[in-house]
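Data block below; observations after.
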Amino acid sequence: MSKEPGHSTQEVESEVISKTAMKREMHALQVIGETLVDLSPKDLKKIPIESEALMDSICLARNINAHGGKKRLLQYIGKLLRKIDTKPILLALREIKDGQKEIARHFQNLERLRDNLLTDGPGYIEDIIKLYPLADRQHLRQLVLQAKRENKQHKPPAASRKIFKYIRELDEEV
């Protein structure tokens, strides 16, 4: 390797990006493009995409079923992403992902309320009433008794599902 005047060998090597690093970066952008294609239309509207060509390509990729054609279009989307600043897009994708995690956590909390109601029975109904003052105590008591009957008879947990649905409705009202 010949030295350029005024540059050390290490400086020249650090300026040259390896082919592997370039491929890794292109693949990462292609994965971002794939994520954009897989988003729901509602979530895609939340993404700040200023490039009309990129948005058109994403919409087109949603409608392509042929594996080879979709793969080429995803590569093209990756190429378009190389030309723009992807930081705002990545931030918006992270916000969407965090929002979905928060929804899942909330859903799990509601399931936990139902499970506690089924295991603790009538004593836990008062705790539910404290959380949701609009809750119908008698309706909850009937659903808990019905769920316990179904459990003893090894029937499908229809009442348990009704309890969860009722708690979710109460939660949406609050």
Side-chain angles (χ1 to χ4, degrees), residues 1-118 128 131-132 156-174:
M1 177 178 204
S2 65
K3 287 188 178 182
E4 294 179 21
H7 293 303
S8 71
T9 307
Q10 288 180 338
E11 288 177 1
V12 172
E13 288 177 1
S14 67
E15 290 176 11
V16 177
I17 299 173
S18 72
K19 201 172 186 182
T20 307
M22 283 177 49
K23 284 184 179 182
R24 223 179 288 128
E25 183 181 333
M26 288 187 294
H27 181 70
L29 290 173
Q30 195 172 331
V31 169
I32 292 170
E34 215 170 309
T35 304
L36 291 171
V37 169
D38 292 340
L39 286 177
S40 69
K42 178 184 163 189
D43 286 339
L44 187 60
K45 288 179 183 176
K46 297 175 184 176
I47 307 294
I49 299 175
E50 296 176 8
S51 169
E52 195 171 317
L54 179 59
M55 186 58 93
D56 290 344
S57 297
I58 290 169
C59 293
L60 182 62
R62 290 168 171 239
N63 299 323
I64 293 180
N65 294 326
H67 178 70
K70 192 166 191 168
K71 184 177 177 182
R72 282 189 299 276
L73 192 53
L74 287 172
Q75 288 173 340
Y76 177 68
I77 290 171
K79 182 179 177 181
L80 291 174
L81 285 169
R82 272 186 265 150
K83 297 177 182 178
I84 64 171
D85 181 22
T86 57
K87 286 181 184 176
I89 293 173
L90 291 173
L91 287 173
L93 285 172
R94 183 173 291 135
E95 284 179 22
I96 290 170
K97 186 177 179 181
D98 291 346
Q100 291 169 343
K101 284 181 182 178
E102 184 60 37
I103 290 170
R105 243 183 260 116
H106 185 68
F107 193 79
Q108 290 168 349
N109 287 337
L110 294 178
E111 286 178 329
R112 202 171 298 114
L113 285 175
R114 180 210 46 212
D115 294 344
N116 290 342
L117 187 60
L118 291 173
I128 298 287
L131 283 172
Y132 305 108
S160 177
R161 290 186 196 112
K162 287 179 185 176
I163 291 171
F164 179 76
K165 183 179 177 187
Y166 184 63
I167 291 173
R168 193 175 69 211
E169 289 170 356
L170 289 170
D171 188 65
E172 289 172 0
E173 290 176 7
V174 173

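This is a predicted model, so every value here is computed, not measured.
Atom CZ of Arg105 sits in a crowded spot, with more than 12 heavy atoms from other residues, nucleotides or ligands closer than 6.0 Å.
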Let me have the donor-acceptor pairs involving side chains of residues 75-87, under 3.5 Å, with sequence neighbours excluded, atom names and distances please.
| unit_1 | atom_1 | unit_2 | atom_2 | d |
| --- | --- | --- | --- | --- |
| Asp85 | OD1 | Lys87 | N | 3.4 |

Show which side-chain atoms of residues 157-173 pair as donor or acceptor with protein atoms under 3.5 Å away, not counting sequence neighbours.
| unit_1 | atom_1 | unit_2 | atom_2 | d |
| --- | --- | --- | --- | --- |
| Tyr166 | OH | Asp136 | N | 2.7 |
| Asp171 | OD1 | Tyr132 | OH | 3.0 |
| Asp171 | OD2 | His106 | NE2 | 2.4 |

Could you go through residues 58-66 and list every donor-acceptor pair under 3.5 Å that involves a side-chain atom there, pairing it with any protein atom two or more places apart or in another chain?
| unit_1 | atom_1 | unit_2 | atom_2 | d |
| --- | --- | --- | --- | --- |
| Arg62 | NH1 | Leu39 | O | 3.3 |
| Arg62 | NH2 | Leu39 | O | 2.4 |
| Asn63 | ND2 | Cys59 | O | 3.4 |

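Note that CG of Leu93 is 7.5 Å distant from CD1 of Ile32, once rounded to the nearest 0.5 Å. The CG atom of Leu74 lies 11.0 Å from the NE2 atom of His27; values are rounded to the nearest 0.5 Å. Atoms NZ and CD, from Lys71 and Gln30 in turn, are 8.0 Å apart once rounded to the nearest 0.5 Å. Taken from CG in Leu44 to OG1 in Thr35, the straight-line distance is 11.5 Å, to the nearest 0.5 Å.
Contact of the Glu52 side chain with the Asp56 side chain is registered, since non-hydrogen atoms from C-beta on lie closer than 4.5 Å. A heavy-atom distance below 4.5 Å is found between the side chains of Ile96 and Ile47. Side-chain atoms of Leu91 and Arg94, non-hydrogen and from C-beta on, do get closer than 4.5 Å to each other. No side-chain heavy atom of Asp98 sits under 4.5 Å from any side-chain heavy atom of Glu102.
A salt bridge links Lys46 with Asp43: at least one charged nitrogen is closer than 4.0 Å to a carboxylate oxygen.
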